[in-house]
There are 2 protein chains.
Amino acid sequence: MIPALDTLFSGNLLLDALRGKDRVLLMPLLELRECRRGEVLFEPGEDVSFISFPSGPSVAALVITTQHGRTVEVATVGHEGAIGGVVSQGSLPAFSRAVVQIAGPMLRLETQRLQEAKAASPVLRNLFTRYSDCLLAQILQSVACNALHPIEERCARWILGLQDRLGSDMLPITHELLADLLGVQRSYLTRTLKSLQQQQLVQVRRGRIIVCNRPALEEKACECHGAVKRHFETVLGAVYGASGTLIALRPAASQAV
Amino acid sequence: MIPALDTLFSGNLLLDALRGKDRVLLMPLLELRECRRGEVLFEPGEDVSFISFPSGPSVAALVITTQHGRTVEVATVGHEGAIGGVVSQGSLPAFSRAVVQIAGPMLRLETQRLQEAKAASPVLRNLFTRYSDCLLAQILQSVACNALHPIEERCARWILGLQDRLGSDMLPITHELLADLLGVQRSYLTRTLKSLQQQQLVQVRRGRIIVCNRPALEEKACECHGAVKRHFETVLGAVYGASGTLIALRPAASQAV
DNA sequence: CGCTGTCTGTGCAATAGTGCACAATTGCTC
DNA sequence: GAGCAATTGTGCACTATTGCACAGACAGCG
């Protein structure tokens with residue numbers, strides 16, 4: 001049905017970690033969709049009927065909008081994971097909105113099918129349990145990050161995260177959008193980016209941010225990026241290691257929920 | 001072995017929701033422990049070998065400590081839930097620290113035993129899936145809350161949450177501790193509480209905060225308290241309804257992950 | 001080329017929160 | 001009922017961030 005799925009790599013690390021019959025079980029159930037920026041995968045209150053696996057450079061996010069219309073990103077998911085009922089186990093109403101941040105291909109799987117496949121395969125159960133643990137870790141770290149860290153550090157963290165997912169130095173994003181995701185004023189974010197640029201860490205262009213000096217940017221960013229990455233490595237390192245390698249681990253004491 | 005467990009109510013709403021053979025399955029596996037404030041249930045990096053069910057007025061929290069020694073609470077759990085591997089499904093290293101905030105009895109269950117019981121009972125699986133979805137909702141909302149809402153509102157939210165769990169107007173907590181949980185300076189929190197007191201919402205006493213005007217406090221608090229409560233009601237309302245009632249729902253559009 | 005809409009840069013006043021020092025108060029213990 | 005340790009109150013200077021207004025720059029399009 002979908003030709004791309006018979007080739008070896010789907011472009012999603014979770015799926016590409018599958019082998020043998022687990023692969024056979026899941027792959028035929030996937031539907032490939034090209035998603036535009038801003039496309040809503042599900043709204044708060046909806047029953048989430050499908051899971052999306054960002055493939056290649058596409059990125060989706062969970063966002064929360066307040067009564068006053070301000071928004072923040074509460075989780076980001078790229079080709080390292082999946083979004084929609086992964087943590088909340090499907091069949092329950094979504095609490096947040098899911099939006100496509102970086103356009104691109106997404107592999108879509110009905111929640112119901114995933115549940116069945118998990119019921120049939122311990123490997124799948126294990127894989128998704130591990131991923132949702134990592135996603136949770138990311139979210140927990142964000143609670144702390146938003147409470148404690150100044151915008152400049154959080155901005156640097158966010159840029160690192162997106163770069164990891166895109167695998168490119170050029171990040172296609174506007175100040176406006178990034179400000180929304182961080183939950184700050186656009187005009188202040190512009191100043192913050194200016195500051196990062198003056199420190200030679202990034203270059204700011206219309207509609208994109210270019211990473212110039214990744215190591216220095218890691219230095220500038222809060223510890224959150226590294227802490228989450230380490231948890232991914234601990235919990236999913238072996239899995240990802242088998243296919244692509246998302247994670248370049250810096251040796252450090254493991255941090256763990 | 002533990003006499004209290006044969007009586008009808010454990011003081012934990014999740015456990016008290018159980019009936020018949022599910023109850024019989026789980027109850028004998030519980031160990032009652034009296035926990036002191038500050039007691040650490042598990043540390044980051046540890047394999048979480050047991051789940052704790054706060055009973056009655058006891059409250060535990062997940063907290064994250066940064067490199068610079070600042071801490072924040074990332075989740076709170078009282079008698080409405082359980083802590084430790086509930087979301088992260090056990091057998092994976094904890095990402096955050098779990099600490100007892102309000103001393104009291106906790107029912108403890110080995111993670112392994114819970115997994116076995118869940119394997120044997122669809123009702124248990126359903127119950128814990130629902131609870132972890134709610135806990136996740138709470139955490140997601142906190143990401144947004146910490147990014148967007150000023151301390152006064154967050155402080156009011158936190159007080160409401162603790163009052164719900166304790167079921168009392170008198171909250172035994174110091175400014176120091178609360179400031180840590182909110183991730184702000186103690187001296188600033190003192191001023192914030194002063195302000196709430198001047199608005200007749202609370203009374204501040206040494207080592208405790210007394211709620212004077214709950215409705216007005218709900219008005220002052222950010223929407224986060226209500227949003228999370230509504231999700232609990234949607235997802236677990238029927239369950240809790242069967243035993244105690246944690247949740248006094250205000251009619252409103254449901255918000256949902 | 002020139003227009004137009006989007007995106008970015010910047011000025012300025014105001015509020016929120018930090019960081020620290022130290023005084024005042026309270027509850028408890030002996 | 002004095003003393004001690006923990007807790008709370010407050011002053012002050014400083015930084016972070018908001019909120020808003022508006023000018024300037026860029027990219028694509030006809």
Side-chain angles (χ1 to χ4, degrees), chain A residues 36-38 66 68-72 101-103 144-159 170-199 202-210 220-222, chain B residues 36-38 66 68-72 101-103 144-159 170-199 202-210 220-222:
Chain A
R36 304 177 311 284
R37 154 166 301 172
T66 67
H68 303 309
R70 298 187 65 182
T71 64
V72 215
Q101 297 300 354
I102 305 288
C145 188
N146 287 349
L148 297 175
H149 299 146
I151 308 292
E152 189 169 88
E153 296 181 16
R154 283 165 51 200
C155 181
R157 175 196 174 189
W158 196 94
I159 291 171
M170 198 282 278
L171 316 179
I173 191 159
T174 64
H175 298 186
E176 178 83 39
L177 179 51
L178 181 48
D180 260 16
L181 297 177
L182 293 174
V184 301
Q185 295 258 133
R186 197 275 309 163
S187 66
Y188 189 62
L189 184 72
T190 294
R191 286 171 243 249
T192 303
L193 285 170
K194 210 83 211 288
S195 160
L196 292 177
Q197 179 165 31
Q198 273 160 11
Q199 296 166 65
V202 299
Q203 286 208 356
V204 178
R205 294 281 174 276
R206 188 188 177 82
R208 60 211 135 112
I209 296 167
I210 299 154
K220 177 63 63 178
C222 51
Chain B
R36 303 177 311 284
R37 154 164 300 173
T66 68
H68 303 308
R70 298 186 66 182
T71 64
V72 215
Q101 297 300 357
I102 305 289
C145 188
N146 287 349
L148 297 176
H149 298 147
I151 307 292
E152 190 169 89
E153 296 181 15
R154 284 165 51 200
C155 181
R157 175 196 174 188
W158 197 95
I159 290 172
M170 198 283 278
L171 316 179
I173 191 160
T174 64
H175 298 187
E176 178 84 40
L177 180 51
L178 181 48
D180 261 14
L181 297 177
L182 294 174
V184 300
Q185 294 258 132
R186 197 276 310 162
S187 65
Y188 190 63
L189 185 73
T190 294
R191 285 171 243 248
T192 303
L193 285 169
K194 211 84 212 289
S195 160
L196 292 177
Q197 178 164 36
Q198 273 159 11
Q199 297 166 64
V202 300
Q203 285 209 356
V204 178
R205 294 279 174 280
R206 189 187 179 80
R208 61 211 135 112
I209 296 166
I210 299 154
K220 177 62 62 178
C222 51

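Chain letters run A, B, ... following the sequence lines, proteins first and then strands; every chain starts at 1.
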Could you state the [atom1]-[atom2] distance from [X] to [N], rounded to the nearest angstrom?
| X | N | atom1 | atom2 | value |
| --- | --- | --- | --- | --- |
| A/His68 | D/dT18 | NE2 | P | 15 Å |
| A/Asp180 | D/dT18 | CG | P | 12 Å |
| B/Leu178 | D/dT8 | CG | P | 10 Å |
| B/Gln197 | D/dT7 | CD | P | 18 Å |
| A/Glu176 | D/dG19 | CD | P | 14 Å |
| B/His149 | D/dT17 | NE2 | C1' | 16 Å |

When you measure from the side-chain N and O atoms of A/Arg70 to the phosphate of D/dT18, is any distance below 4.0 Å, counting only OP1 and OP2?
yes

Tell me whether the OP1 or OP2 atom of D/dG19 has a side-chain N or O from A/Gln185 closer than 4.0 Å.
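Looking at the OP1 and OP2 atoms of D/dG19, one of them is under 4.0 Å from a side-chain N or O of A/Gln185.
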
Contacts of B/His149 that satisfy side chain to side chain donor-acceptor pair (under 3.5 Å) - sequence neighbours left out
none

[X]: partners by side-chain contact (heavy atoms from CB on, under 4.5 Å), with sequence neighbours left out:
| X | answer |
| --- | --- |
| A/Leu148 | B/Thr66, B/Arg70, B/Val72 |
| A/Arg205 | A/Gln197, A/Gln203, A/Arg208, A/Ile210 |
| B/Glu152 | B/Thr192, B/Ser195, B/Leu196, B/Gln199, B/Lys220 |
| A/Glu176 | A/Thr174, A/Arg186 |

Axis-to-axis angle for the helix from C/dC1-D/dG30 to C/dC30-D/dG1, ends of five pairs each, to 10°, equals 30°

Any chance you could measure A/Ile159, atom CD1, to A/Leu193, atom CG, to the nearest 0.5 Å?
5.5 Å

Quick one: CD1 on A/Ile151 to CD on A/Gln185, what's the gap to the nearest 0.5 Å?
10.0 Å

For A/Arg186, answer base if it contacts any base atom (sugar-phosphate contacts may also be present), sugar-phosphate if it contacts only those atoms, and nothing otherwise; contact means non-hydrogen atoms under 4.0 Å.
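Here A/Arg186 touches the bases of the nucleic acid.
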
Counted 5' to 3', the first and last nucleotides of DNA chain C within 4.0 Å (strictly under) of a heavy-atom of chain A are C/dG5 to C/dC12

Please list, by residue number, the residues of residues 189-196 of chain B whose heavy atoms come closer than 4.0 Å to an atom of DNA chain C; answer none if no residue qualifies.
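Per residue number, the list reads B/Arg191.
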
Give each protein N/O atom lying under 3.5 Å from an N/O atom of nucleotides 26-28 of chain D, with the pair distance.
residue : atom : partner  : partner atom : Å
D/dC26  : O2   : A/Arg206 : NH1          : 3.4
D/dC26  : O2   : A/Arg206 : NH2          : 3.1

Given that B/Tyr188 and A/Tyr188 both sit by DNA chain D, which one's nearest nucleotide is further toward the 5' end?
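Residue closer to the 5' terminus by nearest nucleotide: B/Tyr188.
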
If you take all heavy atoms of B/Cys145 and B/Arg154, which pair is closest and at what distance?
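Closest approach of B/Cys145 to B/Arg154: SG-CG, 3.4 Å.
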
I need the minimum non-hydrogen distance between B/Ala147 and A/Asn146, along with the two atoms involved.
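Shortest heavy-atom contact: CB-ND2, 3.6 Å.
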
Just one of A/Leu182, A/Ile209, A/Leu181 clears the side-chain contact (heavy atoms from CB on, under 4.5 Å) bar with A/Cys155, so which one?
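Of A/Leu182, A/Ile209, A/Leu181, side-chain contact (heavy atoms from CB on, under 4.5 Å) with A/Cys155 is met by A/Leu182 alone.
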
With DNA chain C as reference, determine whether B/Ser187 or A/His175 sits nearer its 5' end, using the nearest nucleotide of each.
A/His175

Checking the side chain of A/Arg37 only, and the main-chain atoms of A/Gln101 only, is there a donor and an acceptor separated by less than 3.5 Å?
yes

Verify side-chain contact (heavy atoms from CB on, under 4.5 Å) between A/Lys194 and A/Val204, making sure each step is shown before the conclusion.
CA-CA 7 Å; A/Lys194 210 83 211 288; A/Val204 178; over 6 Å; no

